Amino acid sequence: MNEPRFARLQQSLEQGFTLTPKAIFQEAWQRIQSAKMPILLATVGVVGCWLLLNQLLVTVSGEGEETSWSLSLLGLLISMIMAPMSGGLDMMGVHRSVDRPIRPNQIFDYFRYLLPLALASMIMGIISSLFLPLGQSLGLPPMLSMLPTLILSVALMFTFPLILEKGLSPVQAITTSLRLFARQWLVLLSIHLMMMLLFMGAVLTFGIGLIWVAPLYIVVKGILYREVCGVEGLPDSQAPSFHTPKDRFDA
């Protein structure tokens with residue numbers, strides 16, 4: 001708990017933190033100028049794998065009364081399989097936020113953490129899946145039923161980096177991310193709303209704008225993590241341990 005690696009995180013949890021959206025976007029814009037291509041290539045790789053696995057999902061599930069359930073279960077399985085690559089994208093943003101080198105194949109560096117990342121993905125998927133049926137059972141419109149799921153996705157944005165960079169367990173990372181979100185939920189939602197508007201604008205340019213918007217989003221998330229949780233000043237080769245007692249953090 002008293003280790004330097006947890007100092008900023010502990011301060012954020014106990015005393016809160018301050019975020020300035022304008023400053024975050026300005027810094028992120030500057031940081032993507034010489035890093036768009038690696039992040040774009042990594043993003044294309046992740047999206048390509050998602051599409052390939054989803055196509056496989058549709059092919060395997062077939063048709064029938066149980067298709068909806070099978071799609072949900074296979075979708076959860078794909079999220080678990082893709083968790084190391086998604087975490088790799090998050091870590092590219094974190095590394096860029098502290099001027100560490102990044103490369104497109106960095107998304108493949110974290111498959112050794114498949115178990116904790118997949119477990120975290122499964123827990124988050126199960127929690128998120130509860131809101132839509134609940135909203136529908138209450139007679140809410142589909143958009144309102146999806147709103148809690150969208151908010152939860154923002155609330156859990158720090159989960160993968162907390163596992164990979166701080167070495168927290170899946171449950172610790174999820175609960176810590178939720179606690180951090182509760183500290184500045186309005187600002188974090190505002191930043192993501194701005195990003196959503198930028199993505200919509202990029203789509204209207206026939207996707208050309210995504211060349212800037214996609215890397216911007218990855219780096220914005222990295223800067224948010226740096227400001228809220230802090231980044232350990234160790235060489236990239238030194239990975240966090242999931243089993244060393246002194247590295248544990250009491251969320």
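What you see below is based on every heavy atom in this structure, not just the backbone, and it leaves out hydrogens, waters and symmetry mates. Computed from a predicted structure; not experimentally measured.
In this structure, CD1 on Ile211 lies 6.5 Å from CG on Leu40, to the nearest 0.5 angstrom. Between the NZ atom in Lys166 and the SG atom in Cys229 there is a gap of 6.0 Å [rounded to 0.5 Å]. Going from atom CG of Leu189 over to atom CD1 of Ile151 covers 6.0 Å, rounded to the nearest 0.5 Å. Here CG of Leu168 is found 5.5 Å from CZ of Phe6. Values are rounded to the nearest 0.5 Å. In this structure, Ile81 CD1 and Ser86 OG are separated by 11.5 Å, a value rounded to the nearest 0.5 Å. Rounding to the nearest 0.5 Å places CD1 of Ile218 at 4.5 Å from CG of Leu89.
Heavy atoms from other residues, nucleotides or ligands lying under 6.0 Å from CE of Met200 number 12 at most. Heavy-atom neighbours of Met195 CE from other residues, nucleotides or ligands within 6.0 Å: above the threshold of 12.
Between Arg96 and Ser34 there is a side-chain heavy-atom pair separated by less than 4.5 Å. With a 4.5 Å cut-off on side-chain heavy atoms, Phe111 and Met85 count as touching. Residues Arg103 and Asp109 are in side-chain contact: their nearest non-hydrogen atoms beyond the backbone lie under 4.5 Å apart. The side-chain heavy atoms of Leu224 and Phe158, taken from C-beta on, include a pair separated by under 4.5 Å. Within the 4.5 Å cutoff, no side-chain heavy atoms of Phe160 are placed close to those of Tyr110. Inter-residue side-chain proximity for Trp50 and Ser79 is flagged as met; some heavy-atom pair is nearer than 4.5 Å. Considering only heavy atoms from C-beta on, Leu9 comes within 4.5 Å of Leu180 through its side chain. At a threshold of 4.5 Å between non-hydrogen side-chain atoms, the residues Ile107 and Thr43 do not count as touching.
Connectivity analysis of hydrophobic side chains (ILVMFWY, heavy atoms under 4.5 Å, direct or indirect) links Met37 to Leu41.
Using modelled atom types and a 3.5 Å distance limit, the side chains of Arg183 and Thr18 yield no donor-acceptor pair.
Relative ring orientation between Tyr217 and His192 is described as perpendicular, the plane-to-plane angle rising above 60° on a 0-90° scale split at 30° and 60°.
Distance alone, capped at 3.5 Å, places no donor-acceptor pair between the Thr20 side chain and the Ala23 backbone. Side-chain N or O atoms of Gln172 include one that pairs as donor or acceptor with a backbone N or O of Ser169 at under 3.5 Å. A donor-acceptor pair under 3.5 Å is absent between the side-chain atoms of Ser121 and the main chain of Leu117, judged by distance alone. Under the 3.5 Å distance criterion, the side-chain polar atoms of Arg31 are left unmatched by any main-chain donor or acceptor of Val219. Between the side chain of Ser12 and the main chain of Gly16, no donor-acceptor pair closer than 3.5 Å is present. Between the side chain of Ser153 and the main chain of Leu150, a donor-acceptor pair closer than 3.5 Å is present. Between the side chain of Glu227 and the backbone N or O of Leu19, no donor-acceptor pair lies under 3.5 Å.
Here Glu165 does not pair with Arg226 in a salt bridge; the nearest charged N to carboxylate O distance is not below 4.0 Å.
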Carefully, step by step, assess Leu152 and Leu178 under the rule side chain to side chain contact (heavy atoms under 4.5 Å, CB included).
-> CA-CA 8 Å; Leu152 185 63; Leu178 290 172; 4.0 Å; yes
Which is it for Gln10 and Glu14 under the side-chain hydrogen bond (donor to acceptor under 3.5 Å, both in side chains) test, yes or no, and what are the steps along the way?
-> CA-CA 6 Å; Gln10 195 65 39; Glu14 294 178 353; 2.7 Å; yes
Could you check Val154 against Trp185 for side chain to side chain contact (heavy atoms under 4.5 Å, CB included), going step by step and ending with a plain yes or no?
-> CA-CA 9 Å; Val154 178; Trp185 63 271; over 6 Å; no
Determine, step by step, whether Met122 and Leu119 satisfy the side chain to side chain contact (heavy atoms under 4.5 Å, CB included) criterion, reporting the C-alpha distance in whole Å, the side-chain angles of both residues, the deciding distance to 0.1 Å, and the verdict.
-> CA-CA 5 Å; Met122 182 185 70; Leu119 181 57; 3.5 Å; yes
Side chain to side chain contact (heavy atoms under 4.5 Å, CB included) assessment of Phe25 paired with Ile191 | CA-CA 9 Å; Phe25 278 100; Ile191 291 173; 4.1 Å; yes
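Both Trp212 and Met194 are members of a single hydrophobic cluster when ILVMFWY side chains are connected at heavy-atom separations under 4.5 Å. Both Leu76 and Val171 belong to a common hydrophobic cluster when Ile, Leu, Val, Met, Phe, Trp and Tyr are linked at side-chain heavy-atom distances under 4.5 angstrom. Met80 and Leu52 fall into different hydrophobic clusters, where Ile, Leu, Val, Met, Phe, Trp and Tyr are joined by side-chain heavy atoms under 4.5 Å apart, directly or via other members. There is a path of hydrophobic side-chain contacts, each under 4.5 Å, that joins Val98 to Trp29. Hydrophobic clustering, with ILVMFWY side chains joined whenever heavy atoms are under 4.5 angstrom apart, keeps Leu188 apart from Met196.
Annotation: salt bridge (Lys or Arg N to Asp or Glu O under 4.0 Å) contacts involving residues 206-223, sequence neighbours excluded, comprise Asp90-Lys221.
Pairing each heavy atom of Ser128 with each of Thr149, the nearest pair is O-OG1, 3.3 Å. The two residues Pro84 and Leu114 come nearest to each other via the heavy atoms CG-CD1, 3.6 Å. Minimum interatomic distance between Ala120 and Ile174 (heavy atoms only, all atoms of both residues): O-CD1, 3.9 Å.
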